[in-house]
Amino acid sequence: MRTQGYKTHELAGLLGLDIGGEKHSLYILANHIIKFMNYFCNSAAKKVQELNYLDLIADDKARLFVKNHYKLIEQQTRQILARMDRGEIDITHDFYLKKFQLSDPVLPYDLILFDEGQDASAAMLDIFMKQPAVKVIVGDTHQQIYGWRYAVNSLEKTD
């Protein structure tokens, strides 16, 4: 297991990336694949194709790059996830959480308390909300610090 995730140059090597350009563009591509992979693993989506990675890109130059290479970015994101799933490469923490979410687990508890709900990922919230137990979620909307990790403020998404 990879505790820190994949670095850009590692992922580029694992995928054998080549877009017929300079090394700088190759690393930009690998960086987008890593971000898309993390976005998917932290989402409630069941498939990569359900997400629009462009929704995350604000910078005009980056949006143009992603638009021009979107099909390749999505394909390679799916490829790296499939390789982790097959055990060909080390998995990341985000990946095993996603695998757990996609397994539709039913936890054998009568009551589940979810603390720090303001920093839940959509994948975590999906697992939590599907449980048949009595559920309590607590947190402080003013202390959300993990938006950069695709956290959603679950306090605003639940009753």
Side-chain angles (χ1 to χ4, degrees), residues 1-104 114 116-130 137 139 141-158:
M1 178 177 17
R2 298 194 64 93
T3 57
Q4 299 297 318
Y6 285 98
K7 292 181 171 62
T8 303
H9 72 278
E10 293 171 322
L11 189 82
L14 283 172
L15 291 171
L17 294 175
D18 182 16
I19 56 173
E22 59 189 59
K23 199 172 196 175
H24 177 71
S25 295
L26 177 77
Y27 288 146
I28 292 171
L29 180 68
N31 192 48
H32 282 293
I33 293 166
I34 290 169
K35 286 181 180 179
F36 199 172
M37 177 180 66
N38 292 335
Y39 178 45
F40 169 70
C41 286
N42 284 283
S43 77
K46 300 232 182 263
K47 296 181 177 183
V48 171
Q49 303 90 309
E50 294 174 19
L51 300 173
N52 184 354
Y53 176 65
L54 273 169
D55 291 345
L56 302 179
I57 311 299
D59 178 77
D60 290 338
K61 190 174 178 181
R63 281 187 71 78
L64 181 61
F65 181 90
V66 171
K67 278 183 183 180
N68 289 339
H69 300 287
Y70 194 90
K71 186 175 180 178
L72 180 61
I73 292 168
E74 181 184 282
Q75 174 193 42
Q76 293 300 310
T77 298
R78 292 171 56 206
Q79 175 70 14
I80 200 75
L81 291 165
R83 289 182 66 189
M84 280 193 259
D85 194 42
R86 291 190 300 263
E88 295 173 9
I89 59 174
D90 289 341
I91 64 171
T92 63
H93 287 298
D94 287 343
F95 180 78
Y96 72 73
L97 175 63
K98 186 63 172 183
K99 286 285 290 180
F100 184 65
Q101 179 233 342
L102 292 176
S103 75
D104 289 323
F114 193 150
E116 301 294 340
Q118 76 277 358
D119 281 323
S121 70
M124 290 177 198
L125 187 59
D126 185 60
I127 295 165
F128 177 75
M129 294 305 294
K130 288 180 178 176
I137 190 165
T141 58
H142 297 93
Q143 292 186 14
Q144 185 176 21
I145 59 173
Y146 286 102
W148 60 274
R149 290 218 5 97
Y150 312 108
V152 295
N153 191 339
S154 61
L155 302 171
E156 296 174 354
K157 296 191 176 291
T158 59

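Numbering of residues begins at 1 and proceeds along the displayed sequence.
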Do the side chains of [Y] and [X] get nearer than 4.5 Å, heavy atoms only?
| X | Y | answer |
| --- | --- | --- |
| Phe36 | Leu56 | no |
| Ser43 | Leu51 | yes |
| Glu88 | Ile80 | no |
| Gln101 | Leu97 | no |
| Gln79 | Gln75 | no |
| Phe95 | Met37 | no |
| Ile34 | Thr77 | no |
| Phe65 | Leu29 | yes |

Asp94 bridged to Lys99 by N-O distance under 4.0 Å: no
N-O pairing of Asp59 and Arg63 below 4.0 Å: no
side-chain contact (heavy atoms from CB on, under 4.5 Å) between Phe114 and Met124, intermediate numbers included: CA-CA 10 Å; Phe114 193 150; Met124 290 177 198; 4.1 Å; yes
Backbone of Leu64 reached by a side-chain donor or acceptor of Asn68 within 3.5 Å: yes
Test item: Tyr6 side-chain N/O and Asp90 main-chain N/O as donor-acceptor pair under 3.5 Å: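 Side chain of Tyr6 to backbone of Asp90, a donor-acceptor pair under 3.5 Å: yes, one is there.
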[atom1]-[atom2] distance between [X] and [Y], expressed to the nearest 0.5 angstrom:
| X | Y | atom1 | atom2 | value |
| --- | --- | --- | --- | --- |
| Leu26 | His9 | CG | NE2 | 12.0 Å |
| Lys47 | Leu102 | NZ | CG | 11.0 Å |
| Gln76 | Ile33 | CD | CD1 | 5.0 Å |
| Lys98 | Asn38 | NZ | CG | 12.0 Å |

Trace of the salt bridge (Lys or Arg N to Asp or Glu O under 4.0 Å) decision for Asp104 with Lys46: CA-CA 11 Å; Asp104 289 323; Lys46 300 232 182 263; 3.6 Å; yes
Nearest heavy atoms of Ala44 and Asp126, plus distance in Å: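 Closest heavy-atom pair between Ala44 and Asp126: CB-CB, 4.2 Å.
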Heavy-atom pair of closest approach, residues Tyr27 and Ala12: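 For Tyr27 versus Ala12, the nearest heavy atoms are CE2-CB, 4.1 Å.
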Parallel, tilted or perpendicular: ring planes of His93 versus Tyr96, cut at 30 and 60 degrees: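 The arrangement is perpendicular - the two ring planes meet at more than 60°.
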side-chain contact (heavy atoms from CB on, under 4.5 Å) between Leu11 and Lys7, worked out: CA-CA 6 Å; Leu11 189 82; Lys7 292 181 171 62; over 6 Å; no
Derivation and outcome, side-chain contact (heavy atoms from CB on, under 4.5 Å), residues Asn52 and Tyr39: CA-CA 10 Å; Asn52 184 354; Tyr39 178 45; over 6 Å; no
Validation row, ring centre Tyr53 to ring centre His32 under 6.0 Å: yes
Within 6.0 Å of NZ in Lys67, more than 12 heavy atoms from elsewhere: no
